[in-house]
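Reviewing the structure listed below.
Note that the structure is a prediction, hence the values are computed from the model and not measured. Position 1 is the first residue of the sequence; numbering continues from there. FYI, side chains are in, hydrogens and waters are out, and symmetry mates aren't considered; it's all heavy atoms of this structure.
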Amino acid sequence: MSDIDPNKAPMTREEQKLFQARQKQRAIIMAGLLMFMVVLFYLITIVKIGSGS
């Protein structure tokens, strides 16, 4: 992790909005990947149970 630099100016309102937009986009992508993994594991389980293994 990076340390807080006391000499650096705080983010402007525009920078903060851009940062939050990127953060939201990453969160949406991660939620989508998680849902994909849940569905994939569910389907694999159903196929394995159905094949009698």
- Query: Under the 4.5 Å side-chain heavy-atom rule for ILVMFWY, direct or indirect, which residues accompany I46?
  - Reply: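 Same cluster as I46: V39, Y42, L43.
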- Remaining members of M30's ILVMFWY cluster at a side-chain heavy-atom cut-off under 4.5 Å?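 Members besides M30, by chain and number: I29, L33.
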Table please: side-chain donor-acceptor pairs of residues 12-19 below 3.5 Å, with sequence neighbours left out.
unit_1: T12; atom_1: OG1; unit_2: E15; atom_2: N; d: 3.2
unit_1: E15; atom_1: OE1; unit_2: T12; atom_2: N; d: 2.9

